[in-house]
Number of protein chains: 2
Amino acid sequence: MELTEAEFLRCYNVSLYEKPSFTVDLVIFTVRDEQLRVLLVKRAEHPFKDQWALPGGFLDLQCDDSVENCAMRKLVEKIGIRAPYLEQLKTYGSRERDPRGWTATTVYFALMASNSISLEKDQERVRWAPVQGEGVDKALAFDHAHILADAVVRLRSKLEYTHIAVHLLPEAFTLPELQQIYEIILQQPLDKSSFRRRVVQAGMLEEIAGKLRDGSGRPAQLYRFRDYDRKTFFPRSISRYAR
Amino acid sequence: MELTEAEFLRCYNVSLYEKPSFTVDLVIFTVRDEQLRVLLVKRAEHPFKDQWALPGGFLDLQCDDSVENCAMRKLVEKIGIRAPYLEQLKTYGSRERDPRGWTATTVYFALMASNSISLEKDQERVRWAPVQGEGVDKALAFDHAHILADAVVRLRSKLEYTHIAVHLLPEAFTLPELQQIYEIILQQPLDKSSFRRRVVQAGMLEEIAGKLRDGSGRPAQLYRFRDYDRKTFFPRSISRYAR
DNA sequence: CCCATTAGTTATAACAAGAAACTATTGAAG
DNA sequence: CTTCAATAGTTTCTTGTTATAACTAATGGG
C-alpha cells in the first residue's frame, strides 16, 4: 500500500516529536484455593478512580535503569518480594487507551507461589482476583481487561511447552501438586502417568532426597526445580487437544 | 473536596513526569538466494552515523494512533508495501542503550516474500543482509545486534509450532518451496514425507486446482494459505532435536 | 487389621514420526 | 522416440511416543 504524497507530508512535517507517557504495568499470577488468581489494585486517583486495575505506574527515569528494572521495582513495591519469574508480555500504546492522551505501557507478567505472599492488610484496595475464562469478574480500568486476557492466553500457551508452572509453587513441591497447577490453569484433567513421564523425561526436576510430603494417603516425593536458568521445552503440547 | 474525573483531566499536566524517548524499530525478514535476510539501513545521522541499523524511528503522536500503526507506517515508508505478517517482538528500554539518554523502543518483526520487494535503488544505504547464526556480518548501531538475535530466536521458535513461514512466500507456493524455507531458517534438512504429512494434516493449505509450477523435474502442485486469520499450531515441534 | 486415600509404576494398544524405497511427471540429451 | 536426470509426491515399514487403565505401594484412621 503506497502512501500518498499528502499523507507522507503530513507525517514528515512534524519535526518536533512529542513523547507519549510511558508506564509499566504488571500481571501478577498466583494459584490459591485451587484457582488461578491475578493481583488487582483499586485506583486511588483519576482517571478510573476506585476501579480495579493492574498494578503499575510511571517509569522513573531517575531511579529505573531499564524497563525491566522498573517492573521489578514495582513488583517489590506492590508485594514486597522479588518474583521468581518475570517476563515481558507486550507493549500497549495508543491515543485511545487513556483519557489523558497518548500513552504506552509495557506489561510484564509475573508468577509466584501463593505461600510467598500475604495481602491481609488491605483487602479493600488490593486483591487476588480469581481468573475465570480469560478475565476477572470485575470491570477493569483502561484496557486492562484486554491486557489481562492476553496474559492469560500467554500463560496457558507457555504452560503447554515450558516449565514455568514450577514458579507458581514453593521451592519444594510434589509432582501431584505440580500436576494440579497445570490442571487448574489449563482447566482440564491430565493423565497422571503421561504427566510424570513428561516432566521426568524433561529432566529439570530433582528429587529432594528422603524428603516427603505428608497427606492423607501415601506421602509424596518432594522435588525441586533443577536449573532455574535453563529453558526446557516439551516436544509436544501438554494438553491433548491444544488448539 | 473530591475532583470529578472531568475536572481531574482538565487540570492534568501530561508533562509532569519526565518521559523517555520512544521509538519503534522493525526487524523485517525475507528469504532470498537461499538465505534468511534482514533489512538494514545505514544511519544518516548521529549517533552511530553511517553504521548499519534496524529501520525505525520516533513515534509521531499526531499521525500514529497506536504503536502498531506506527510500525505499519514505518514499514510502508521503508519498503513501500504492507507486510503480510507483523508481530510485536519486545520493548527494549534503558538509560544505556542510546547515548542521547533514556530511550525505549518497541520492536516489531515482519515477514515478507522476497518477490514483493525490490531495493535496487539504494544499495548503499539499504540492504538485505544475510543472517548467519543469530546475527549479521556487520556491526549494528545501538543494541540492535541484541534485538536482532532475539528476533531470530523468536522466528526459529515460532517456525517450530506455527505456520508463519507461509508469509515468507508469495500467495501461491509449492510444498517443496515451503519446506525449503523451513530448512533455510532452521538450518537443518527435514524429511519430505514427514513435512508433507504435517503440513497437510494441519489443514491450513488448499490446493490451487490445476495450477502447477514448472521446473526441471515433475511440476509441483501450487497451494495457498487457507485461513490467514486462524492461528494453527503443530502438536509437536518440527525439528527433531528442538532445544 | 482392614480399608480408604493418595502416590507412583507398568503393560498395552493406538498413534505419530523417521527413513527409505517406491511411483509419477516433466525436460533434455542423444 | 527412447532414455535419463531431476524433482514431486506416495507408500510401506519400523520405531518411538502417548493415552488409558490396571496395577502396586505406602500411609492414616476406624
Side-chain angles (χ1 to χ4, degrees), chain A residues 34 159-161 166 169 172-184 186 188-224 232-243, chain B residues 34 159-161 163 166 169 172-184 186-224 232-243:
Chain A
E34 309 198 354
L159 230 56
E160 298 281 353
Y161 60 97
V166 298
L169 288 169
F173 55 87
T174 69
L175 258 32
E177 282 168 351
L178 184 60
Q179 183 176 343
Q180 201 197 14
I181 295 283
Y182 275 87
E183 290 177 339
I184 288 167
L186 297 177
Q188 68 179 315
L190 299 174
D191 176 72
K192 184 169 50 162
S193 75
S194 301
F195 181 83
R196 297 177 75 91
R197 182 173 359 100
R198 204 184 159 84
V199 165
V200 170
Q201 272 186 5
M204 89 296 197
L205 297 188
E206 63 180 1
E207 291 189 2
I208 303 180
K211 296 249 183 143
L212 301 174
R213 173 151 303 166
D214 263 21
S216 65
R218 170 177 172 178
Q221 179 64 54
L222 281 171
Y223 289 83
R224 80 161 65 83
T232 31
F233 285 81
F234 296 116
R236 278 199 196 182
S237 64
I238 204 165
S239 64
R240 198 152 39 115
Y241 306 110
R243 248 149 289 256
Chain B
E34 309 198 355
L159 229 57
E160 297 281 351
Y161 61 96
H163 295 144
V166 297
L169 288 169
F173 55 87
T174 68
L175 257 32
E177 282 167 351
L178 184 60
Q179 182 176 344
Q180 201 198 13
I181 295 282
Y182 275 87
E183 291 177 337
I184 288 166
L186 296 177
Q187 297 178 122
Q188 67 179 316
L190 299 174
D191 177 71
K192 183 169 52 162
S193 73
S194 301
F195 181 82
R196 298 178 74 93
R197 198 172 22 210
R198 208 184 157 84
V199 166
V200 170
Q201 272 186 5
M204 88 295 195
L205 297 187
E206 62 180 4
E207 290 189 1
I208 302 178
K211 297 248 183 144
L212 301 173
R213 173 150 303 164
D214 261 22
S216 65
R218 170 176 172 178
Q221 178 65 53
L222 280 171
Y223 289 84
R224 80 161 67 83
T232 31
F233 285 81
F234 295 116
R236 281 199 196 183
S237 64
I238 204 165
S239 64
R240 198 151 41 114
Y241 306 109
R243 247 150 286 258

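Chain A is the first sequence line, chain B the second, and so forth, proteins listed ahead of strands; every chain is numbered from 1. The shown structure was predicted, so the numbers you read here are calculated from the model rather than taken from an experiment.
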Quick one: list whatever passes salt bridge (Lys or Arg N to Asp or Glu O under 4.0 Å) with A:R213, sequence neighbours left out.
-> A:E177
Between CG of B:D191 and P of D:dT11 the distance, given in whole Å, is 15 Å
Could you state the CD-C1' distance from A:Q179 to D:dA19, rounded to the nearest angstrom?
-> 13 Å
Counterpart residues, salt bridge (Lys or Arg N to Asp or Glu O under 4.0 Å), relative to A:R196 (two or more places apart) = none
Rounded to the nearest angstrom, tell me the gap between atom CD in B:E183 and atom C1' in C:dG18.
-> 14 Å
Distance, rounded to the nearest Å, where B:Q221 contributes CD and C:dT23 contributes P | 22 Å
Distance-only donor-acceptor pairs under 3.5 Å for side chains of residues 200-208 of chain A, two or more places apart:
residue	atom	partner	partner atom	Å
A:E206	OE2	A:R224	NH1	3.2

For B:Q179, all residues meeting side chain to side chain contact (heavy atoms under 4.5 Å, CB included), sequence neighbours excluded = B:E183, B:L190, B:K192, B:F195
From CD of A:E160 across to P of D:dT18 the rounded distance in Å is 14 Å
Between CZ of B:R198 and C1' of C:dG18 the distance, given in whole Å, is 13 Å
Rounded to whole angstroms, how far apart are CD on B:Q180 and C1' on D:dA8?
-> 14 Å
Among C:dT10, C:dA17, D:dA8, the one nearest A:S193 by side-chain distance = C:dT10
Residue pair A:Q201/B:L222 against DNA chain D: nearer the 5' end by closest nucleotide is B:L222
Separation of D:dT17 atom P from A:R197 atom CZ, nearest Å, is 10 Å
Please identify each residue that fulfils side-chain hydrogen bond (donor to acceptor under 3.5 Å, both in side chains) with A:R218, with sequence neighbours left out.
-> none
Taken in chain and number order and not counting sequence neighbours, the residues that satisfy side chain to side chain contact (heavy atoms under 4.5 Å, CB included) with B:Q187 are B:R156
For B:Q221, check side-chain hydrogen bond (donor to acceptor under 3.5 Å, both in side chains) against everything at least two apart and list the hits.
-> none
Within-4.5 Å side-chain heavy-atom neighbours: B:L222 and B:L212 | no
In short, B:V199 meets B:L175 closest at the heavy-atom pair CG1-CD1, 4.4 Å
Divergence of helical axes at both termini of the helix from C:dC1-D:dG30 to C:dG30-D:dC1 - five pairs an end, 10° steps = 20°
Heavy-atom contacts, protein to nucleotides 23-30 of chain D, under 4.0 Å, summarised as B (base), S (sugar-phosphate only) or - (none) per nt, yield --BBB---
